[in-house]
Number of protein chains: 2
Amino acid sequence: MSSKKNQTRKKILQATWKMLEESNGQNTKMADIAKTAGISRQAMYLHFDSRIELMIATVKYVDEIKELNKRLELFNAAKTGVEMLNSLVEVWGNYIPEIYSIAKAMLLTKENDEATATAWMGCMSGLRSYCQQTIETIYKEKQLNHNWKIQEAVEILWTYISIHNWEQLTLECNWSNQKFIKNTQTLLHSILLT
Amino acid sequence: MSSKKNQTRKKILQATWKMLEESNGQNTKMADIAKTAGISRQAMYLHFDSRIELMIATVKYVDEIKELNKRLELFNAAKTGVEMLNSLVEVWGNYIPEIYSIAKAMLLTKENDEATATAWMGCMSGLRSYCQQTIETIYKEKQLNHNWKIQEAVEILWTYISIHNWEQLTLECNWSNQKFIKNTQTLLHSILLT
DNA sequence: TAATTACTTGACACTGTGTCAATTGAATGT
DNA sequence: ACATTCAATTGACACAGTGTCAAGTAATTA
């Protein structure tokens, strides 16, 4: 059928991702992406209505490839709340650097664009629900520090494993990714557990 | 002398700030600011070489008016490390909402502009050195949790009171500013102190 | 009265996004 | 083998926003 169209679409998505990776999420122009994909700038609009749609599509594309869900098997296998907490931080912490470029692009664009903001919220609400599950389990096991209501604990967890915090600690403070994961685990234990 | 020029400069800075406040840091065009300031778009360039220079000048202007330094008297008066920690979180936490719009504009621009990034780093290094002082004092008082090296503790503190975390917890999770301050204090205690 | 200063106006260059119409070239159906 | 369809190309253009330039004005100063 339109398998040729799909091929080109894929080429564009790959080119977009490549460009984002190379520029750390900034300054990726339609013309540049087109050049990398080996097509004309105008042809981009045969596949995506706008730059923003392309970005959102790229997020989905990368997300499929990176298979966060499969990685979360470790999380799903966890027996206790504390194990859930540890594997959530580990899986997510290892995921961030792989999607950082596209995530960064989204974070910058979402401020000026409603559609991007909505798409990004969708991605983040997935993470948030994992945080919710984790905290609820910890609570049921009577391990949750009495300082915190469940919802507050969820929000703290969600915030402290955010991409912005990862960015600041690894890129600005030069922490290794392992150090980020390890320290975040340790410190969430002190905060959240009895 | 050029007091008229200075007056206009001030009008521009005030207009910029006002526009940023109204748009939450986004979408402030030179033309809009000019209109608010009551001068022509082109005249803006008689006072500031570029949009980016204007933004940086506005940060300095707002900073002077808001007098962070005066507010830090509370911090400077602190006798113990723990007091320092509490007043740092309190003073800074009350400061953020007042400068949020212009800070947001800087955070968005710094990704694409070296001059903005440098200017922003300058602002943030001030905060960072307060974090450093605080942690060093806590360390000297033998109150620092043995899990952390001094530098790590500084970086955690600096990250956890960041504007991004404030943004996520207050604007996205609907925490009040007081709740942000109180919870951040509590949780930094659990993390950092013995 | 002449010169200087701050500002105005209109025009224009430049970049990047998005659209349009006319055209080419290859694959597909009959 | 012929016509149709589809993907892509090309060049042109509209639009927004930044930044520049030259010519002119109106008030201040010397």
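Reminder, nothing fancy here: chain letters follow the sequence lines and each chain counts from 1.
Atoms CD (A:Glu53) and C1' (C:dT17) sit 14 Å apart, rounded to a whole Å. With rounding to whole Å, B:Ile33 atom CD1 is found 12 Å from D:dG17 atom P. If you take NZ of A:Lys11 and C1' of D:dA7, they are 11 Å apart, rounded to a whole angstrom. If you measure from atom CE of A:Met44 to atom P of C:dT19, you get 13 Å, rounded to the nearest angstrom. When the C1' atom of D:dA16 is taken as reference, atom CG of A:Asn112 falls 14 Å away, rounded to whole Å. What separates OH of A:Tyr45 from P of C:dA21 is a distance of 17 Å, to the nearest Å. When rounded to the nearest whole Å, the span between NZ of B:Lys10 and C1' of C:dA6 equals 19 Å. Going from atom CD1 of B:Ile52 over to atom P of D:dG19 covers 7 Å, rounded to whole Å.
Within the 4.5 Å cutoff, side-chain heavy atoms of B:Val59 are placed close to those of B:Met106. Two residues are said to be in side-chain contact when any heavy atoms from C-beta on lie closer than 4.5 Å; A:Gln151 and A:Gln132 meet this criterion. Within the 4.5 Å cutoff, the side chain of B:Arg9 has no heavy atoms near those of the B:Leu54 side chain.
Of the candidate nucleotides D:dT9, D:dG19, C:dA6, D:dT9 has the atom lying nearest to any side-chain atom of A:Leu46. Closest to the side chain of B:Lys29, from the set C:dA11, D:dG17, C:dG18, is D:dG17. Of the candidate nucleotides D:dG19, C:dT19, D:dT20, D:dT20 has the atom lying nearest to any side-chain atom of B:Gln42.
Residue contacts for A:Ile39: at a heavy-atom cut-off of 4.0 Å it reaches the sugar-phosphate backbone alone, with no base atom in range.
The heavy-atom pair separating B:Leu192 from B:Ala153 by the smallest distance is CD2-CB, 3.8 Å.
Under 3.5 Å, the side chain of B:Arg41 and the base of D:dG17 form no donor-acceptor pair of N or O atoms.
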